[in-house]
Asks: 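Before I ask anything, here is the structure I am working with.
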Amino acid sequence: MALDAATLALCARELKTTLLDSRIDKIFEPTRDEVLLLLRTRTDTYRMLLSARSGSARVCLTGESFENPATPPGFCMLLRKHLAGGRLLDIRMEPGERIVFFDFQCVNEMGDLVKNTLAAELMGRYSNLVLVQDGRILDALKRVDFEDSAIRQLLPGLPYTMPPRPARPDFFSVSSAALVALAMQKDLPVADALMKSCGGVGPVVCREAAFRALGDSHRPANELTAAEQSALAAALDAIRDDHAAGGVPTAAAAPDGRPVEFSFTALTQYGPDACRTYPDFSALLEDYYAVKDRAERLRQKSRDLIKTVRNLHERAVRKQAARTEELAQSEASDELRIKGELVQANLWQIERGMASVTVDNYYTGQKETIPLDVRLSPSGNAQKYFKEYKKKQTAAKMLARLLEEGAREIEYLETVVYEVETASGEQALGEIRAELKSQGYLKYYKARDKKQKPADFFRYRSTDGFLILVGRNNAQNDKLTLHTARGRDLWFHVKNAPGSHTVVISEGQPIPDSTREEAAQLAVLHSSQAGGAKVPVDYTFVRNIRKTGDLKPGMVLYDTYETAYITPDPALREKLRV
């Protein structure tokens, strides 16, 4: 659900109490829809997230860590120029509007004190962040020109104006009795009628008021009895009282524990067992949006890379199909040899300039007509067929080698697709980009591509106390198997599918079956088969693993191995993580 004005007002009130008179220390823009401000008070440091993402627009304090782009975006640089070091003077809202204004006292280029305002407009798909000075727009996170909107433009230099207000009154600006009277004019269920009659609150609040007054009834609002009208007005008054008292940050969760709704008042419509309260609204909003936002941030960061890798994979598959078809044609080259032999055996009846000749095929015992090149002599036609035969034979040998290389390339690119889709963040994506550049799939720009510190392996500790290491990508798989692990360590990998190398560090000790089982499960959980059952996993000692120079990163050879069939337990990763 979207953040409504009533909940936003309480969140803004909390932020004002906590952050007033703080100073901006740092400014980041982790993704194209989010800005992170680090604010210092006399005693603490806070991280305030301003999100203009359509599905999760909000402002709140956050404890989450973000990976920031190596080069700050333009809007981030503008904010640093005009807000860095600024002191927070006020946090204010227009009643009923989903816009929070953050007023900062800053110093301009001339050394003069100025007031800059950062407006967080949290209006669904129209969400935006706008920097304003003296009533004029310095810039917006998402510029809105005349083609985007004929009513309200957000461009540098234009006056900042409020968006048009709906004709409906604000939930808190009319009495409960008047709101009930407005709802009764509509032939709609009570919750829908309330939603159509006022602004400032979301559907969950209207449903809550209807549930408290009428239970699960879906009667139209225009059929309410006098007693039901009084009950509905009392429910609305109780919700207003909750808001006036500062609200109770509450979220209702689905059976799997995932939050599905939130509000500033108790959500009795979901039952007491489905609801959870939070210490403040920032904690509520972080919990509600955290998982979805992490996935969206990663999707934005990996979008271009995964498109490139998928295109590379599709191109390799098409090339392999073309080579397979060409090989099938090359394997029919014996027909050319036979035709050459038949022409050679019948030179006596062929004259120069003939377009074809009919001869006895002593392989089949039947007559066969063989096309001839009128420009060549009879012997020249025979030699032409022999040359084409040799060319096809040579092509067949080359195609067999190319098909083998193509199969390895497709297998390698499948592992890269898996790695990009399961990458944990920008650092992991950077390592994959570096790997693709080293293999010639992406261009390398010396001035722009800076070496980054490689991430560590995933580390686990088995219930028997053995260290289990898992590679994050192909480069780490090579490093783990070929350099970190030793001969008596045990190596695991899912059979014939993309996945990570998994190694149990034995330290010279025999590895018990329980640790082998856990390592095999981790190999499945770190693979494209993580959701499968009875997944085959190959395992062998590291001393049995070898690699030749023509193999892509992450690909190895082994002949001596055993196979286990594993149904993984997803909870094992957290249980064994070091």
Asks: Taking the six-membered ring of F541 as reference, does the cationic atom of R488 (NZ for Lys, CZ for Arg) lie under 6.0 Å from its centre and within 45° of its axis?
Replies: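 Yes, R488 and F541 form such a contact.
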Asks: Side chains of L19 and Y46, heavy atoms from C-beta outward: is any pair under 4.5 Å?
Replies: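 Counting from C-beta outward, L19 and Y46 do come under 4.5 Å.
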Asks: Quick one: does T45's side chain get under 4.5 Å of D25's, heavy atoms only?
Replies: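 No; the side chains remain at least 4.5 Å from each other.
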Asks: Is any side-chain heavy atom of V204 closer than 4.5 Å to one of Q269?
Replies: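 Counting from C-beta outward, Q269 and V204 do come under 4.5 Å.
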Asks: Under 3.5 Å, is there a donor on one side chain and an acceptor on the other for Y558 and D538?
Replies: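 On atom types as modelled, these side chains qualify, holding a pair under 3.5 Å.
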Asks: Is it the case that the side chains of E431 and N473 hold a donor-acceptor pair, with the cut-off being a distance below 3.5 Å and no angle test?
Replies: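 Yes.
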Asks: Mind checking the NZ-NZ spacing from K392 to K397? Nearest 0.5 Å is all I need.
Replies: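 It is 15.5 Å, given to the nearest 0.5 Å.
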Asks: Using 30° and 60° as the class boundaries, would you call the ring planes of Y412 and Y441 parallel, tilted or perpendicular?
Replies: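 Plane angle under 30°, so parallel.
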Asks: Please work out which of the three classes, parallel, tilted or perpendicular, describes the rings of F492 and Y539, given edges at 30° and 60°.
Replies: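 Parallel.
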Asks: Compare all side-chain heavy atoms of L572 with those of E518 and state whether any distance is below 4.5 angstrom.
Replies: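 When only atoms from C-beta onward are counted, E518 and L572 do touch, with a gap below 4.5 Å.
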Asks: To the closest 0.5 Å, what do you measure between NZ (K319) and CD1 (I410)?
Replies: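 It comes to 10.0 Å.
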Asks: Hey, mind stepping through R53 and T31 against side chain to side chain donor-acceptor pair (under 3.5 Å) and telling me if it holds?
Replies: CA-CA 10 Å; R53 184 172 293 135; T31 67; 3.2 Å; yes
Asks: Quick one, W491 and V556 - any side-chain contact, counting heavy atoms below 4.5 Å?
Replies: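 Yes, close enough: below the 4.5 Å cut-off.
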Asks: Are L490 and S506 close enough that some pair of their side-chain heavy atoms sits under 4.5 Å apart?
Replies: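 With C-beta onward as the side chain, the pair stays apart.
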Asks: Under 6.0 Å between the ring centres of Y460 and H526?
Replies: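 Yes, ring centres under 6.0 Å apart.
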Asks: Report yes if the side chains of F457 and K479 come closer than 4.5 Å at any heavy-atom pair, otherwise no.
Replies: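 F457 reaches K479 side chain to side chain.
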Asks: Do D287 and Y278 have a side chain donor and acceptor closer than 3.5 Å?
Replies: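 There is such a pair (donor and acceptor under 3.5 Å, judged by atom type) between the side chains of D287 and Y278.
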Asks: Is a side-chain donor-acceptor pair under 3.5 Å present for T415 with N474?
Replies: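 Their side chains do contain a donor-acceptor pair, which is all the 3.5 Å distance test asks for.
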Asks: One pair to check against side chain to side chain donor-acceptor pair (under 3.5 Å): S514 and D464. What are the steps and the verdict?
Replies: CA-CA 8 Å; S514 55; D464 300 306; 2.3 Å; yes
Asks: Is the CZ atom of F386 crowded by more than 12 outside heavy atoms at less than 6.0 Å?
Replies: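 Atom CZ in F386 is crowded, with more than 12 foreign heavy atoms closer than 6.0 Å.
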Asks: In terms of side-chain heavy atoms, does T7 have a donor or acceptor partner in D4 at a distance below 3.5 Å?
Replies: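 Per modelled atom types, T7 and D4 side chains form a pair under 3.5 Å.
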Asks: When you measure from the side chain of S127 to the backbone N and O of A57, does any donor-acceptor pair fall under 3.5 Å?
Replies: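 Checked: no pair found.
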